[in-house]
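Encoded as structure tokens, the structure appears first; notes follow it.
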Amino acid sequence: MATVGLKDIVKVYGRHIAVRGVDLEIQDKSFTVFVGPSGCGKSTMLRMIAGLEIISHGEMRLDGKIVNDTPPRERGVAMVFQSYALYPHKTVRQNLEFSLKLEKLPPDQIASRVNKAVNLLEIEPYLDRKPAQLSGGQRQRVAMGRAIVREPKVFLFDEPLSNLDAKLRNQMRIEIKKLQRRLQVTTIYVTHDQVEAMTLADVIVVMRDGVIEQSGTPMQIFESPANQFIAGFIGTPQMNFFAGSVSMSRGVATFVGEGFKLPISKSRFGTGFEEGQNLTAGFRPEDIVPQERSKSAKLSADFLSAIGFTEMLGNETLLFSSYAGTEFVSRMAQPRFVAQDEIMKFKFNVEKMHLFDGDTGMSIRAA
Amino acid sequence: MALATSQIDFAAIEARERASTKKKWPSVVVAAFVSLIWVVPFYYMLVSIFKTHAEYTANNPLSLPEGFSPIADNAISAWNTAKMGAGFANSAMYGIVGAGLAVFFAAMAAYGLTRISFKRQNFWFMLIFAGTIFPFQIYLIPLFFAYQKIGIINTHFGMLLFYTAVCIPFPVLVLRNYLNGLSREMDEAARMDGASEFRVFWSIILPNCIGPMTATFLLQFTWIWNDLLFSTVLGNREEVRSIMNSLQIFHGSYTTAGPNLTLTAALIASLPAIVLFLLLRRHFMEGMRVTGV
């Protein structure tokens with residue numbers, strides 16, 4: 001049970017700066033997910049928290065105590081690695097016991113901790129097997145078991161699901177979530193998969209180029225992304241962006257894109273607009289609605305566009321098209337067969353429009 | 001339509017496939033002829049060890065022996081006159097301890113070179129590796145004089161020191177490459193599990209290097225066992241004499257004993273390396289596979 005405090009954390013490799021000043025408070029028993037494109041510094045952050053990398057600058061606290069110089073084994077953190085990193089020459093049982101034996105715990109205590117983890121993860125049948133004789137999913141469980149037996153204050157996961165096939169990944173994702181709820185241990189999880197981030201996290205931390213771009217609950221990040229990068233990174237397929245500018249008329253701002261105009265809501269976006277200001281409008285695929293007949297006020301006027309190609313997923317169909325030179329994806333919630341080059345009518349769901357400053361990419365919102 | 005398997009003429013297919021490999025008999029003849037170069041000496045040894053001295057001198061050296069019984073006498077007599085017991089003990093010690101220590105030190109060096117970051121890592125590696133580049137003979141004269149000066153010439157310690165040192169570079173090369181391929185996450189996991197640096201090396205890395213360590217151990221052991229040059233120069237006293245040196249002296253001083261005894265002694269002397277290989281072949285082959293030695 002622990003809080004993790006990160007203050008102005010910097011990591012330098014030679015002349016290369018991998019992490020450039022991260023401040024974050026991680027709450028006790030929370031599930032925090034670091035997400036970002038590769039090279040954003042998220043794994044480096046995790047490795048610094050683990051104690052595997054020296055913190056170049058800044059302070060890391062565990063339960064309020066500075067642990068910058070505490071070696072990994074004394075921090076009370078346990079880590080599940082991407083490659084699982086099981087000891088190939090040891091059986092599953094020996095893998096689980098290794099850390100406890102190093103701790104010199106009495107044998108009965110070792111046995112009881114191992115049994116507890118084994119029951120929790122249902123790996124009893126494989127106890128005497130070596131890792132090479134296990135499937136990917138079983139190895140994953142053993143790797144988690146090895147972390148659990150240590151009864152750590154903090155669990156660290158470094159892209160633990162990336163070596164599994166899609167089906168198993170979904171299954172293990174749910175199991176990790178259940179496990180964390182059950183054990184109530186502060187958990188920090190690194191992934192580049194935004195679906196994992198959305199589904200697992202209490203708090204998502206989006207990183208890019210060694211800094212935190214935004215942190216918040218999954219819904220906060222999804223609904224109110226701080227900037228265009230996050231808006232594009234979270235959500236699949238990604239948000240569609242249309243470049244445009246502001247047109248002012250009698251104090252009312254309008255977004256003017258190529259071939260379309262959209263009203264800018266004062267309540268959502270405020271009033272700080274200037275004539276000619278560069279803007280980018282963002283719509284998620286489900287907010288570019290195909291073939292909508294209703295004339296609800298929240299929808300824009302129709303525009304016509306030819307379908308480039310489609311992805312039929314069964315429960316929905318993704319329509320790939322372009323409008324005024326901008327490619328976009330629309331999600332068709334009630335799918336029917338759509339032919340290539342078919343001309344379809346689309347409407348923007350204006351109520352769900354996101355606006356970004358055309359120059360800085362920062363989100364625009366009413367104060 | 002799928003072909004009914006009953007309609008397949010297996011014999012015809014086989015004949016056709018064999019026909020394509022048939023017309024190669026000239027190369028087989030050449031190969032057989034060339035292989036005689038290896039087969040004849042081996043045959044010569046095989047027939048000679050079953051002959052008494054009288055039988056050997058009376059008949060053609062390549063003729064078949066009259067019986068198998070003389071081998072026991074030959075073996076006992078070779079063993080005793082060549083003082084093979086002492087040579088065996090010395091060489092076994094040099095081979096097992098020398099190659100064992102060399103491989104162990106090499107593993108430690110390889111661990112340091114791949115897992116601990118320090119300045120000029122590559123320079124240190126190249127320095128050790130340089131030991132395999134130069135022919136060993138260039139060490140001979142300086143070593144002899146240095147050993148003489150320090151007073152470790154003709155001592156077990158001196159022999160062991162040389163064999164251990166000279167056998168380190170090659171295993172370092174092999175084990176460094178192998179360790180480079182071993183997952184670093186594995187040692188990080190061990191470090192997080194609370195293992196000290198030495199514990200990581202001892203409990204995690206070493207058990208995963210058995211294959212390449214065995215392979216290099218066998219190669220180095222065989223080299224030490226078969227070494228004649230250095231053991232003649234650095235350890236010629238009877239107490240420290242290696243098996244190969246004993247053989248040479250036996251051959252030199254007892255030429256009247258005849259080739260039947262010399263060959264029997266040579267055969268006995270080559271047995272340990274063969275036995276060791278057979279015992280460890282599983283690890284050896286695995287080591288060859290993973291390291292590409």
Side-chain angles (χ1 to χ4, degrees), chain A residues 13-14 43 46-54 70-91 94-105 130-132 139 142-152 154-160 162-163, chain B residues 103-104 107-108 110-112 114-123 175 177-217 280 282-291:
Chain A
Y13 293 104
S43 279
L46 195 75
R47 293 171 57 80
M48 283 193 282
I49 295 169
L52 293 171
E53 299 280 350
I54 295 167
T70 312
R73 58 175 178 274
E74 288 163 31
R75 287 193 188 187
V77 297
M79 184 152 164
V80 176
F81 291 85
Q82 183 173 6
S83 67
Y84 317 135
L86 300 177
Y87 311 128
H89 58 296
K90 291 180 187 285
T91 63
Q94 289 166 338
N95 263 281
L96 297 178
E97 286 173 346
F98 185 64
S99 63
L100 306 177
K101 284 192 171 160
L102 287 178
E103 245 183 271
K104 301 209 167 72
L105 289 186
K130 297 237 172 110
R139 284 180 208 180
V142 177
M144 290 202 286
R146 197 170 58 179
I148 290 170
V149 291
R150 294 187 49 206
E151 300 184 351
V154 182
F155 271 132
L156 306 175
F157 288 89
D158 187 8
E159 309 215 13
S162 53
N163 288 344
Chain B
V103 170
F104 179 71
M108 295 214 285
Y111 180 85
T114 56
R115 295 302 198 272
I116 300 169
S117 69
F118 54 90
K119 272 191 182 166
R120 305 219 180 101
Q121 221 160 10
N122 220 35
F123 165 78
L175 290 170
N177 289 348
Y178 182 74
L179 284 190
N180 259 334
L182 273 189
S183 159
R184 277 171 176 69
E185 287 197 341
M186 193 173 71
D187 21 309
E188 285 175 349
R191 237 161 260 148
M192 299 221 48
D193 270 350
S196 63
E197 204 67 46
F198 186 76
R199 194 70 203 233
V200 174
F201 170 69
W202 186 258
S203 303
I204 305 298
I205 299 293
L206 272 194
N208 284 297
C209 292
I210 299 286
M213 282 173 73
T214 312
T216 48
F217 171 80
L280 299 175
R282 192 172 61 86
H283 294 300
F284 182 71
M285 297 316 283
E286 189 192 335
M288 301 266 274
R289 189 171 50 74
V290 295
T291 57

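The structure presented is a predicted model; accordingly, all values stated were derived computationally and were not measured. Every heavy atom of this structure was used, including side-chain atoms; hydrogens, water molecules and symmetry mates were not.
- At a 4.5 Å heavy-atom cutoff, the contact between B/R199 and chain A is made by side-chain atoms alone.
- Two residues are said to be in side-chain contact when any heavy atoms from C-beta on lie closer than 4.5 Å; B/M186 and A/P88 meet this criterion.
- When all heavy atoms of A/Q82 and B/E185 are compared, the closest pair comes out as N-OE1, 3.7 Å.
- Scanning all heavy atoms of the two residues, the minimum distance from A/L102 to B/D193 falls at CD1-O, 3.7 Å.
- For A/V149, no part lies under 4.5 angstrom from a heavy atom of chain B.
- The two residues B/A189 and A/A85 make their nearest non-hydrogen contact at CB-O, 3.9 Å.
- Within the 4.5 angstrom heavy-atom criterion, only backbone atoms of A/L86 (N, CA, C, O) approach chain B.
- Heavy-atom pairs under 4.5 Å with chain B were tallied for A/H89, A/E74, A/R146; the largest tally goes to A/H89.
- Under the 4.5 Å side-chain criterion, counting only non-hydrogen atoms from C-beta, A/R47 is in contact with B/E188.
- Contact of A/F98 with chain B is made through the side chain alone, with heavy-atom distances under 4.5 Å.
- The closest donor-acceptor contact from the side chain of A/Y87 to the backbone of B/S203 lies at 3.5 Å or more, if one exists at all.
- With a 4.5 Å cut-off on non-hydrogen atoms, A/R75 does not touch chain B at all.
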